[in-house]
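Here the structure comes first, spelled out in C-alpha cells, and everything after it is commentary.
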Amino acid sequence: MSAPAGRDLVKEQADALGLQWEDHTIDGPRGPIELTVIRPAGTVTDAPLYYGIHGGGMILGDRFAGFGGYDEFAWVQEHNMVIVTPEYRLAPDHPAPAGVEDCYAGLLWAASQAREWGVNPERIIVGGGSGGGGLAAGVALMARDKGEISLFAQCLIYPMLDDRNTTVSSRQFTEGYGHIWPRESNEYAWNAILGGGTPNARTSTTTLPLRAPPI
C-alpha cells in the first residue's frame, strides 16, 4: 500500500504540538498492515488508548483522512491519550471481511504494545466515524467473541451499521439534495462490501456473523 497523501500535513500538525509519531508495518491476515501511533510528549503512565478507524464508507480514504476532525490531538494532550490509526483494505477490491480483519489484527498488535507505551490495557477504546464506526463495531464484536482482548469502550460516530438501507432517513437523503453521503452512495458501498443483491440474499458465512439481527 502506498503512503497516504495526507500524512505529511497531519505529521506537521503533530510535530508542531511536540507529539511523538511512529509509523509501523505489521503482518496481517492478508498481508502487511500499516499503522501510525501518536503519543504525548514525554513518558506517560496509566494512559488510555484510542484505536481510531478512518471513515469513507469502507471504500474510500486512508488512515489520515479527516484526522483531527474529532479533536484527536486535543485528546492526546488533555488526557495523555495514545492514538493508533490503522490502514485497512478497502472494498470492492477487498470485500468483507478483509477490512474488519485488518482492523482487528491492528488492534491486537496495539494491545500488545500497551505496556511499552505506558497504556493501561484495561483502558483501550475503539472508535471511528461512518465506515470507521461500522468497522469499530465489528472489531468490538470480534473482541467479544474471540476473547483475546477486553475493550473499555466503543466510540461510534454516525456509524455505518445497517446494510438494509430501508430507514426513513435513508430515503430522505437522496441524490440531488447536496448530501455528502446520499442513499445511492450507501447502496453502492454496501454492495461493494458485502456483494450485490438484497440484504436477505447475502448469505456469506464470512460476513453474517458480524451483522446485527434484523430489527
Practice problem: Would you check if P92 and Y188 make a side-chain contact, meaning some heavy-atom pair closer than 4.5 Å? | Solution: yes

Practice problem: Flag the pair R115 / V119 as yes when at least one side-chain heavy-atom distance between them is below 4.5 Å, and no otherwise. | Solution: no

Quiz item: So, for A98 and R89, which heavy atoms are closest and what is the spacing to 0.1 Å?
Solution: CB-CB, 4.4 Å

Quiz item: Shortest non-hydrogen contact from M160 to A189?
Solution: CE-CB, 3.6 Å

Quiz item: Side chains of D27 and P32: does their closest heavy-atom pair fall under 4.5 Å?
Solution: no

Quiz prompt | W117 ring center near W109 ring center (under 6.0 Å) | solution = yes

Quiz item: Do H54 and E87 have side-chain heavy atoms sitting under 4.5 Å apart?
Solution: yes

Practice problem: Using only heavy-atom distances, determine whether the side chains of E101 and Y88 contain a donor-acceptor pair under 3.5 Å. | Solution: no

Quiz item: Do Q77 and L19 have side-chain heavy atoms sitting under 4.5 Å apart?
Solution: yes

Exercise. Go through D46 and R123 one step at a time and tell me if the salt bridge (charged side-chain N to carboxylate O under 4.0 Å, His left out) criterion holds.
Key: CA-CA 8 Å; D46 198 39; R123 302 181 69 196; 3.7 Å; yes

Quiz prompt | Under 3.5 Å: donor-acceptor pair, side chain of T85, backbone of R63 | solution = yes

Quiz item: If you look at every heavy atom in I59 and A192, which pair is closest and at what distance?
Solution: CG2-CB, 4.0 Å

Practice problem: Report the distance from atom OG of S130 to atom CD1 of I157, rounding to the nearest 0.5 Å. | Solution: 10.5 Å

Quiz item: L151 versus I125: any side-chain heavy-atom pair under 4.5 Å?
Solution: no

Exercise. Working to the nearest 0.5 Å, report the span between CD of E72 and CE of M81.
Key: 10.0 Å

Practice problem: For W190 and N165, test the side chains for any donor-to-acceptor distance below 3.5 angstrom and give the result as yes or no. | Solution: no

Practice problem: For this output row, return yes or no: ring centroids of W21 and F73 closer than 6.0 angstrom. | Solution: no

Quiz item: Are P48 and V82 side-chain neighbours, meaning at least one heavy-atom pair lies under 4.5 Å?
Solution: no

Practice problem: Treat each ILVMFWY residue as a node, draw an edge where side-chain heavy atoms are under 4.5 Å apart, and state whether M142 and Y51 are in one component. | Solution: yes

Quiz item: Any ion pair linking D23 and R7 (charged N to carboxylate O, less than 4.0 Å)?
Solution: yes

Quiz prompt | Contact check, side chains of R183 and Q172, non-hydrogen atoms, under 4.5 Å | solution = no

Self-check item: Residue from I53, L141, I193, V139 passing side-chain contact (heavy atoms from CB on, under 4.5 Å) with V100
Solution: V139

